Amino acid sequence: MAHIVILGAGTGGMPAAYELRDELGSEHEITVVNEREYFQFVPSNPWVAVGWRDRSSITFDIGPHLERRGINFVAKHCDKIDADGNTLVFSDGETLSYDYLVIATGPRLAFDEVEGAGPEVGNTTSVCTVDHAEDAYEKYKALLDDPGHVVIGAMPFASCFGPAYEFAFIMDTDMRKRKMRDRVPMTFITSEPYIGHLGLGGVGDSQGMLESEMRNHHIKWITNAKVTKVEPGKMYVEEFDNAGHKVKDHEVEFKFSMMLPAFKGVDAVANVDGLCNPRGFVFVDEYQRNPSHPNIYSAGVCIAIPPVEATAVPTGAPKTGYMIESMVTAIVHNIHNELDGKEPDQKGTWNAICLADMGDTGAAFVALPQIPPRNVAWFKKGKWVHMAKIAFEKYFIRKMKKGTSEPIYEKYILKMLGINRLK
């Protein structure tokens, strides 16, 4: 009997556990390790930050749902991975041995790379966790009592830009419903070289569409923006041209700011020799397996994917839901192959599919492959995307509670978008 340990219980780790149980049956032991006892549906955090959702609607206790499927759950912080000894070491000194390790931790949020940034310091907010989103909502309520300039965007080395755009339009919608939008100027500040780059080099006419939407919603922007420091109510920004020459210094005053941070690998993962790149992201081969430690697989935001292109201010490539789903499925089949004495043969599909909410409408995009030139570059906008995002939230949370492993993107979202299975 083999012991497979999954480190992380997010949108990659939880489906991995269920798929492994379905694939392997009861013959092998599966354990999920997560530092928190609850699952949080991260895509809903922008709604939490304006009061459209609360914690109870997007979180649930992990243990009972995993245990019902015969999956062990350990709610502890992993301090160290002894990759040579096939062991996790927890902060309380306890250890857990594994035969195969699946790393699905997500990122470390590197607020510390910009002086004065982040919820802990308190100068900017975030929607990266439900705790951060709740803090943002408290500050948002203060803004409603004392309106003023809002700054939203993404820091240098950010790789997940979608939630920043979502939050800007969601806040705009909420303010319009409250008939307060005229009292809240908004500026979008991003490390992207242009609006709609998204860390993907743009998708279809994402630049034209998003620029038009921001003009229509009276949102100004600064691109190629390197935020260097944040003080209470003031952000210091260096603006560059596409050749990397600084063209302007900005001191932007604000009453409220939500800025997405750069991502890095979590410490326990980043500290393993030969496992990661310099920013702590896990190296994987085409089968999602680490070349230096072949019994370690990884999926999701924590894997190393090179940027789509060089940009004046550093940006990273996003890992979207469909990519994560396909990585997880490949890992499950490949571990099964190895347990049967076969070689891994399944590859993740690194294509980008995203449903982005915009308050009372939304945008959907498909990039096949992720790096241009592409076979498919598809970008559409409509109220149906807003409704689809709500349906996706409810379906995914219900699926995680029920412990089912059916592939959401393959079975539902691709069909909804009228797209055949992506190879």
Side-chain angles (χ1 to χ4, degrees), residues 11 41-53 57-58 127 133 152 154 160-177 181 186 188 190 192 195-217 219 221 258 260 318-326 349 351-368 370 374 376-399 407-422:
T11 53
F41 188 65
V42 172
S44 294
N45 285 338
W47 292 333
V48 173
V50 295
W52 292 4
R53 295 287 189 280
S57 63
I58 66 163
V127 293
I152 297 170
C160 185
F161 296 94
Y165 286 99
E166 286 189 299
F167 186 65
F169 288 115
I170 288 168
M171 179 182 280
D172 171 88
T173 300
D174 192 67
M175 286 285 183
R176 283 187 283 111
K177 288 179 178 178
R181 183 64 179 85
M186 296 176 68
F188 195 84
T190 178
E192 299 162 275
I195 293 297
H197 181 274
L198 302 169
L200 294 168
V203 180
D205 190 30
S206 57
Q207 179 179 4
M209 192 281 279
L210 284 172
E211 283 187 354
S212 176
E213 286 298 312
M214 295 182 97
R215 289 189 189 97
N216 290 339
H217 291 268
I219 302 173
W221 64 79
M258 196 294 292
L260 299 178
K319 292 93 172 181
T320 61
Y322 179 63
M323 295 171 66
I324 296 171
E325 180 178 278
S326 67
T349 305
N351 300 308
I353 299 176
C354 184
L355 301 175
D357 183 51
M358 297 171 68
D360 51 6
T361 183
F365 69 79
V366 177
L368 167 63
Q370 176 177 261
R374 301 182 174 110
V376 176
W378 187 90
F379 198 100
K380 301 257 182 179
K381 172 181 170 286
K383 290 184 181 294
W384 63 271
V385 184
H386 172 71
M387 301 306 298
K389 187 73 179 268
I390 294 171
F392 175 71
E393 170 202 55
K394 296 184 183 306
Y395 182 79
F396 192 94
I397 292 173
R398 185 169 66 249
K399 167 182 157 168
I408 294 175
Y409 283 85
E410 288 283 9
K411 189 170 182 180
Y412 294 107
I413 295 181
L414 291 178
K415 290 181 180 179
M416 180 186 68
L417 298 177
I419 298 169
N420 293 325
R421 187 178 190 277
L422 303 180

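Nothing fancy with the numbering, it's 1 onward along the sequence. Computation of the quantities below employed the complete heavy-atom set of this structure, encompassing side-chain atoms and omitting hydrogens, waters and symmetry-equivalent molecules. Every value quoted in this text rests on a predicted model; they were computed, and no experiment measured them.
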Review point. Can you name the nearest heavy-atom pair linking P318 to G199, along with the distance?
Key: CD-O, 3.6 Å

Review point. Who passes salt bridge (charged side-chain N to carboxylate O under 4.0 Å, His left out) against D360, sequence neighbours left out?
Key: R176

Point to revise | CD-OG1 distance between E213 and T361, expressed to the nearest 0.5 angstrom | key: 7.0 Å

Exercise for review: Can you see which heavy atom on M258 is nearest to which on A164, and at what distance?
Suggested key: CE-CA, 4.1 Å

**Study point:** Distance (rounded to the nearest 0.5 Å) between E192 CD and H197 NE2
**Key:** 7.0 Å

Point to revise | Within-4.5 Å side-chain heavy-atom neighbours: W221 and I152 | key: no

Point to revise | Minimum heavy-atom distance I195-Y165, with the two atoms named | key: CA-OH, 3.5 Å

Practice item. Please name all residues satisfying side chain to side chain donor-acceptor pair (under 3.5 Å) with Q207, sequence neighbours left out, ordered by chain then number. Key: E211

Exercise for review: Answer yes if the ring centres of F169 and H217 are under 6.0 angstrom apart, and no otherwise.
Suggested key: yes

**Study point:** Under the side chain to side chain donor-acceptor pair (under 3.5 Å) test, residues paired with T11 that sit two or more places apart
**Key:** none

Revision key, fill the gap. In this structure, CZ of R215 is separated from CG of L210 (nearest 0.5 Å) by 11.0 Å

Check your understanding: If only atom types and distance count, is the side chain of Q370 paired as donor or acceptor with the main-chain N or O of A352 below 3.5 Å?
Key -> no

Review point. For S44 and E393, which heavy atoms make the closest approach, and how far apart are they?
Key: OG-OE2, 2.6 Å

Exercise for review: Considering non-hydrogen atoms only, spot the tightest contact between F188 and A168 and give its length.
Suggested key: CD1-CB, 4.3 Å

Practice item. Run the numbers on V48 and V127 for side chain to side chain contact (heavy atoms under 4.5 Å, CB included), then give the verdict. Key: CA-CA 8 Å; V48 173; V127 293; over 6 Å; no

Practice item. Please tell me if the side chains of E166 and K389 come closer than 4.5 Å, counting only heavy atoms from C-beta onward. Key: yes

Review point. Any side-chain heavy atom of N45 within less than 4.5 Å of one from P163?
Key: no

Exercise for review: To the nearest 0.5 Å, tell me how far L368 CG sits from N351 CG.
Suggested key: 4.5 Å

Check your understanding: Heavy-atom distance under 4.5 Å between the side chains of I170 and T173, does that happen here?
Key -> no

Exercise for review: Give the ring-plane orientation class for F41 versus F392, where under 30° counts as parallel, over 60° as perpendicular and anything between as tilted.
Suggested key: tilted

Practice item. List the atom of S206, the atom of G196, and the distance in Å for their closest heavy-atom pair. Key: OG-O, 2.7 Å

Check your understanding: How many angstroms lie between CH2 in W378 and CG in D205, if you round to the nearest 0.5 Å?
Key -> 14.0 Å

Review point. Would you say S326's side chain and M323's backbone share a donor-acceptor pair under 3.5 angstrom?
Key: yes

Practice item. Let me see the working for F365 and L200 under side chain to side chain contact (heavy atoms under 4.5 Å, CB included), right down to the final yes or no. Key: CA-CA 11 Å; F365 69 79; L200 294 168; 3.6 Å; yes

Point to revise | Contact check, side chains of M171 and M186, non-hydrogen atoms, under 4.5 Å | key: yes

**Study point:** 4.5 Å side-chain heavy-atom contact, W47 and I58
**Key:** no

Revision key, fill the gap. Between the CG atom in L355 and the NE2 atom in H386, the distance rounded to the nearest 0.5 Å is 12.5 Å

Exercise for review: Mark yes or no: K177 above the aromatic ring of W52, with NZ or CZ under 6.0 Å from the six-membered ring centre and no more than 45 degrees from the axis.
Suggested key: yes

Practice item. Apply side chain to side chain contact (heavy atoms under 4.5 Å, CB included) to the pair F161 and T190, showing each step before the final yes or no. Key: CA-CA 8 Å; F161 296 94; T190 178; 3.7 Å; yes

Point to revise | CA sep, side-chain torsions, deciding dist, call: V50, F167, side chain to side chain contact (heavy atoms under 4.5 Å, CB included) | key: CA-CA 9 Å; V50 295; F167 186 65; 3.8 Å; yes

